[in-house]
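Here the structure is laid out as structure tokens; the discussion comes afterwards.
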Amino acid sequence: MLESVENSLHAVAGLMFDTTEIGYTLIYVILIVLIAVVCDVVCKLLINKLLLPVIRRTKFEWDDHLYDKKVVARLAALAPAFILYAFLPSAFEPEGSWYVLSERICKVYIIALILRFLNGMLNAFLDIFNEKEELRHYPIKGGIQTLQVILFSIGFISIVGTIIDESPARLFAGLGASAAVLMLIFKDTILGFVAGIQLSANNMLHKGDWITAPAHNANGIVQDVTLNTVKVRNFDNTTTTIPPYALVSGSFTNWRSMFESGGRRITRQILLDVNSITFLDEEELHQFESNFLIGEFVSQRLQAIADARAAGNRFLVEELRVTNTLLFRVYLENYIRQMGKSNPDMLYMVRYLPMAEKGLPVELYLFSSEKVWKIYEGIAADLMDHTLGITREFGLRIYQSPGSYDFQSLKDRLS
């Protein structure tokens with residue numbers, strides 16, 4: 001078929017221009033170019049008028065990405081290029097300089113079109129990958145960029161080999177001698193590629209994760225993971241870029257597991273004035289029996305004290321005495337369990353920390369069922385508000401260093 005087309009072109013060129021060989025060749029080249037242009041126009045019409053409606057009607061999403069990234073159009077652009085290359089031997093003398101020049105230009109053009117097509121395929125694959133909810137958090141972009149670097153490196157060497165009429169395989173072999181220089185030039189790219197594999201293989205980092213990396217002043221949400229950088233948008237709306245290999249070789253905190261768990265930890269601490277800690281007598285204990293959070297505990301303790309006294313066990317009576325701090329601690333644990341915003345299935349407790357010169361530290365340890373920052377801080381604030389407000393009902397005082405108001409009040413009382 002190609003031979004019959006060539007014969008027809010020869011006949012048309014001979015009819016149109018039959019004076020010189022140069023004119024004949026010129027007309028022949030113009031006809032080939034016109035055929036290539038017509039082929040390009042036909043391919044575009046087929047894509048836009050026939051293929052596009054079919055793509056839009058299908059339930060699949062991957063074909064839309066292939067069209068939107070112009071993958072199909074770039075593939076169709078190869079047809080005119082191959083037509084030009086196929087008819088070159090008929091237009092020029094195979095050994096002539098014009099043929100050699102035109103052939104090399106066509107080869108370079110075809111390689112460039114193939115690179116565009118493959119690059120579009122990779123970009124479309126990245127979009128398809130990001131569309132999947134269960135896969136979008138994986139740092140696939142770094143791997144795609146690595147493939148693009150390899151692809152364009154091979155394409156560049158192939159183009160150079162075509163221009164200088166040297167086998168690309170020999171050029172690749174010659175690069176071995178300069179491998180050390182290339183490794184120095186592409187050090188960050190190589191390290192980023194290896195680090196990206198480690199981050200992905202070990203499930204260490206996803207797009208959308210909240211990470212903190214104090215060494216790099218990063219505390220925010222991962223916006224993008226590329227071959228050379230991890231982009232973090234901090235909570236103060238600044239942006240920090242970190243090399244992937246710095247995260248692998250150093251350390252960082254990923255809060256993703258916290259969001260995937262049943263709760264977010266709350267730890268708060270108050271200091272009790274040790275001078276306010278005392279035992280409660282039975283009359284004082286009776287005042288707390290009506291409290292729904294500790295009423296049952298108080299009733300059981302009073303009954304145990306009465307039974308021990310009736311049995312004449314003075315040691316047990318002394319052992320069962322209740323301090324206001326014990327009652328306060330039981331109250332807070334029951335409050336945490338029933339507050340509705342904590343996760344009672346996870347660890348919660350109220351404990352004493354080692355004594356300090358500023359009083360007795362009491363720590364509230366629990367897990368909030370809400371993990372969003374603002375809601376979480378609101379729950380912690382509500383807990384502290386209630387804790388500070390209820391302290392006086394147990395006869396306890398919060399320790400606070402004297403301030404100017406305290407000294408002024410003392411001065412007023414003494415004057």
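Everything quoted here is computed from the prediction, not taken from an experiment. Note that these values count all heavy atoms, side chains included, but never hydrogens, waters or copies made by symmetry.
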May I ask you to decide whether [X] forms a salt bridge with [Y], counting only side-chain N to carboxylate O separations under 4.0 Å?
{"X": "Glu377", "Y": "Arg264", "answer": "no"}
{"X": "Lys231", "Y": "Asp224", "answer": "no"}
{"X": "Asp281", "Y": "Arg321", "answer": "no"}

Interatomic spacing from [atom1] in [X] to [atom2] in [Y] - rounded to 0.5 Å:
{"X": "Asp209", "Y": "Ile221", "atom1": "CG", "atom2": "CD1", "result": "8.0 Å"}
{"X": "Leu327", "Y": "Glu284", "atom1": "CG", "atom2": "CD", "result": "10.5 Å"}
{"X": "Glu363", "Y": "Gln269", "atom1": "CD", "atom2": "CD", "result": "6.5 Å"}
{"X": "Phe367", "Y": "Met258", "atom1": "CZ", "atom2": "CE", "result": "10.5 Å"}
{"X": "Ile154", "Y": "Ile111", "atom1": "CD1", "atom2": "CD1", "result": "11.5 Å"}
{"X": "Asn217", "Y": "Thr212", "atom1": "CG", "atom2": "OG1", "result": "11.5 Å"}

Considering non-hydrogen atoms only, spot the tightest contact between [X] and [Y] and give its length.
{"X": "Tyr352", "Y": "Thr325", "value": "OH-CB, 3.3 Å"}
{"X": "Ser342", "Y": "Leu366", "value": "CB-CD1, 3.7 Å"}
{"X": "Arg268", "Y": "Ile266", "value": "CG-CG2, 4.0 Å"}
{"X": "Ala213", "Y": "Phe252", "value": "CB-CB, 4.0 Å"}
{"X": "Asn324", "Y": "Gly395", "value": "ND2-O, 3.7 Å"}
{"X": "Ser368", "Y": "Tyr376", "value": "CB-CD1, 4.0 Å"}

Would you say [atom1] of [X] has more than 12 non-hydrogen atoms from neighbouring residues, nucleotides or ligands within 6.0 angstrom?
{"X": "Glu283", "atom1": "CD", "value": "no"}
{"X": "Glu296", "atom1": "CD", "value": "no"}
{"X": "Arg256", "atom1": "CZ", "value": "yes"}
{"X": "Phe259", "atom1": "CZ", "value": "yes"}

Asn313 and Phe315: side chain to side chain contact (heavy atoms under 4.5 Å, CB included), yes or no, with the steps? CA-CA 6 Å; Asn313 192 338; Phe315 178 80; 3.8 Å; yes

Let's go through Leu285 and Val322 carefully: what are the C-alpha distance in whole Å and the side-chain angles of both, what is the deciding distance for side chain to side chain contact (heavy atoms under 4.5 Å, CB included) to 0.1 Å, and is it a yes or a no? CA-CA 8 Å; Leu285 283 176; Val322 178; 4.1 Å; yes

State, with a plain yes or no, whether a side-chain heavy atom of [X] is found less than 4.5 Å away from one of [Y].
{"X": "Tyr348", "Y": "Asn343", "value": "no"}
{"X": "Leu332", "Y": "Arg337", "value": "no"}
{"X": "Thr267", "Y": "Leu364", "value": "no"}

Please determine whether salt bridge (Lys or Arg N to Asp or Glu O under 4.0 Å) holds for the pair Arg309 and Glu282, giving the CA-CA distance in whole Å, both sets of side-chain angles, and the decisive distance to 0.1 Å. CA-CA 12 Å; Arg309 185 178 289 113; Glu282 294 181 35; 2.6 Å; yes

Return yes if some donor-acceptor pair links the side-chain N/O of [X] with the main-chain N/O of [Y] below 3.5 Å, else return no.
{"X": "Glu333", "Y": "Met349", "result": "no"}
{"X": "Arg265", "Y": "Tyr365", "result": "no"}
{"X": "Lys107", "Y": "Ile163", "result": "no"}
{"X": "Asn254", "Y": "Met204", "result": "yes"}
{"X": "Thr391", "Y": "Thr387", "result": "yes"}

Lys341 and Asp382: CA distance, side-chain angles, deciding distance, side chain to side chain contact (heavy atoms under 4.5 Å, CB included) verdict: CA-CA 10 Å; Lys341 298 176 182 177; Asp382 291 342; 3.6 Å; yes

Take Asp273 and Leu396, measure what side chain to side chain contact (heavy atoms under 4.5 Å, CB included) needs, and give me the verdict at the end. CA-CA 7 Å; Asp273 187 346; Leu396 294 166; over 6 Å; no

Stepwise ring pair (Phe, Tyr, Trp, His ring centres under 6.0 Å) test for Phe288 and Tyr331: CA-CA 10 Å; Phe288 291 98; Tyr331 173 88; 8.9 Å; no

Look at the rings of Phe235 and Trp373 and say which category their plane angle falls in: under 30° parallel, 30 to 60° tilted, over 60° perpendicular. tilted

Go through the steps for Gln338 and Asn334 under the test side chain to side chain donor-acceptor pair (under 3.5 Å), then give the verdict. CA-CA 6 Å; Gln338 300 183 35; Asn334 291 334; 5.3 Å; no

Looking only at side-chain N and O atoms, does Asn234 offer a donor or acceptor that is under 3.5 Å from a partner on Asn219? no

